[in-house]
Amino acid sequence: MNFKNEAKTSRCKFATSGIFVIIGGCVAAAAAALAASAALIRGLGSIAGKFVKGDIGEFAADVFGALKNAELRPPLLPLAALAVYAFLWYRFGKGKKAGMIIFALFLIPLTLILTAALIWFTSVNGIRFDDVAKSLAGFAKNGLFDIL
Amino acid sequence: MKKSMKIFCGLLAALGLVGSAGCGAEKVAVPGDSVGEGESWTVGFGCSDIAVPDSSPLYIAGYASDREIEDIRDLMQARAVWIQAGEGKILLIAVDCIGLAVGTIEKIRASLADFTKETGCDSIHVLSVHTHAGLDTLGLWGKPLRDGKNPDLMENLISAATKAAWDAYADKTDGKISFGFVETENMQYDSRKPIAYDPNIYQLRFAPDGGGAGVRLLFYDAHAESLRGDNLRLSRDFPGIIADIILEKTGDRTVFIPGAIGGLIMTSVQCEEPFDAEENLTITGRRLADYVLSISAEEEVSPSLSCKSVRFAAPLDNAVFMYYGFLGALDHPIVRGGNKGATGYSIESVVSALTLGDVTIALIPGEIFPELVSGEALEEGDPESIKSIAESFGRNGDKLLVAGLCNDELGYIVPPSQYLVSEKLPHFERITDETGEDHYEETNSVGKGAAKAISDAFREAMGVKAGNQDRILDNFIKFLPLRIKRANEKKGNYHAQLYTRNRAHRLCRVRHESRA
């Protein structure tokens with residue numbers, strides 16, 4: 001009986017389970033945040049509609065030009081989850097066909113969800129994107145873009 | 001450790017640094033404190049034109065947005081005054097512009113790093129004259145939601161302020177400072193009830209011992225907008241006219257400092273109908289210069305100086321500030337949480353208390369309503385007035401001056417009892433109350449809590465011991481890469497015990513007490 005290998009396998013399984021729990025938690029948290037924001041995203045559609053009527057090209061260029069020099073601070077949790085995922089891919093998925101398939105199933109939706117969460121909670125010049133979006137959506141409902 | 005694990009830990013460490021960078025750190029640098037007493041005053045003056053760049057656009061600030069200048073009547077300037085009594089040293093820089101955010105002012109201070117090293121003065125205070133015929137230096141007068149500041153202009157402004165500072169230091173000489181004032185009549189207009197403003201124009205006049213050109217600091221409660229809203233010519237407005245007349249008649253160099261101008265205190269129209277901007281400007285400047293030159297009953301100011309500055313956070317209710325901050329158009333430090341307002345954010349700024357002999361000057365980072373200074377017409381729920389606070393520390397309330405728009409521009413600072421905004425679109429929609437009073441000032445203010453935050457900060461600035469041991473030790477503890485244990489932290493009294501990283505050895509114990 002090879003106790004050393006059994007112990008090693010047991011540790012790997014434990015570590016793997018723990019890591020998947022962490023990833024699962026991140027996914028659940030990100031999904032919950034996005035689901036709760038669905039109404040807000042719909043509300044932002046009215047804002048987008050206003051800009052479509054105007055010259056959004058020039059406006060977008062100005063806005064992104066301003067953001068180019070902005071102080072960006074991404075949220076830690078989605079970044080950490082992506083880092084853990086990258087590590088797992090490197091550690092377990094590399095070169096193994098079965099592992100690659102499994103990770104591909106996780107990769108696309110997880111990356112999309114975590115990227116969305118990343119943007120949503122990113123701070124620009126110290127102000128979170130979701131705070132601006134929620135505020136604008138609220139004012140848009142009250143007719144802000146009708147008076148501007 | 002396996003290579004893969006090392007990579008993983010490295011990634012996590014990097015993420016930790018990225019995620020926590022700036023977490024909980026205060027953003028506003030506070031001007032240094034200064035205290036001293038001497039045999040005489042040492043004062044110097046410097047002045048530099050702010051060059052108008054060739055690049056465009058160049059938006060004129062103060063009224064409607066998206067308006068570019070068409071002509072130049074006279075150039076914006078940076079005027080610096082060096083004031084020293086013994087070891088106490090301060091530098092005041094007045095810039096002919098609508099306002100400067102604290103971020104821009106910090107860039108001016110950064111450009112004066114060599115100046116600070118050479119002179120030993122880090123009590124550098126920058127204020128705006130608030131001319132409404134200058135170029136946009138805040139970012140609010142360009143196209144909507146876009147930064148209206150011209151980057152080349154801002155560079156020229158910083159260069160001019162730096163040059164003026166060095167010139168002021170080189171110009172310094174010994175002499176006497178005298179305090180005087182005169183009441184002006186029919187020169188001011190308060191556009192919002194209650195009618196409350198100080199009609200006096202105050203002067204601190206420096207006269208060199210050996211004769212020659214002196215320096216005058218003028219404090220007056222009035223917006224510099226005698227050219228009014230249709231003007232598209234660049235100008236210093238009436239402060240420039242006053243300075244030119246006083247220079248011509250006496251040889252003295254002048255710095256105009258706006259006082260408590262919130263509410264909205266401006267100079268009344270001085271010319272006959274129909275309104276002519278140039279004529280109104282000339283008459284306003286001449287009449288005010290005549291008032292200044294008529295000041296006769298002056299009292300000498302004893303050569304002692306102290307200046308203490310305090311950082312504070314005001315609740316940010318105005319979402320417009322948040323949006324412009326998000327886009328980087330406004331250079332204010334906006335922080336999530338803390339003393340948060342309706343937006344969930346607070347805005348950091350600085351208040352300073354400057355004493356020159358028995359004269360007290362409150363350096364306020366915005367356009368404060370006169371009621372909040374004098375205490376007149378304040379109601380329940382309003383904070384303690386600046387004058388009351390100064391008097392509670394034994395200062396002469398009749399010699400209390402206000403330097404508005406100093407070290408920041410937070411907009412109007414409105415008494416909470418008068419604060420009224422639209423329910424549906426607060427700070428976007430301008431409304432009138434049931435008496436017909438226009439509440440425009442609220443749309444250009446950070447929020448209802450700013451007045452109390454400033455009042456509390458001024459009290460703290462008046463009370464903090466010179467040298468500000470608290471802040472020095474706070475910064476030391478924050479950045480020391482050792483394990484710190486802070487015990488008995490109560491009202492600033494605390495022990496700090498420094499340990500090596502593995503807690504094996506206690507390096508030292510620091511005991512500190514602050515005076516409330």
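Residue numbers start from 1 in every chain, and the chains themselves are labelled A, B, ... in the order their sequence lines are given, proteins ahead of strands. The structure displayed is predicted, hence computed values, not measured ones.
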- Which heavy-atom pair separates B:Y323 from A:S135 by the least distance, and what is that distance? OH-OG, 2.5 Å
- Under 30°, 30 to 60°, or over 60°: which ring-plane class applies to A:F139 and B:F428, parallel, tilted or perpendicular? perpendicular
- Task: For the pair A:N125 (side chain) and B:F326 (backbone), establish whether a donor and an acceptor sit closer than 3.5 Å, ignoring hydrogens and angles.
- Result: yes
- Rounded to the nearest 0.5 angstrom, the CZ-CD1 distance for B:F321 and A:I127 is 11.5 Å
- Message: Any heavy-atom pair between the side chains of B:R336 and A:D131 that's under 4.5 Å?
- Response: yes
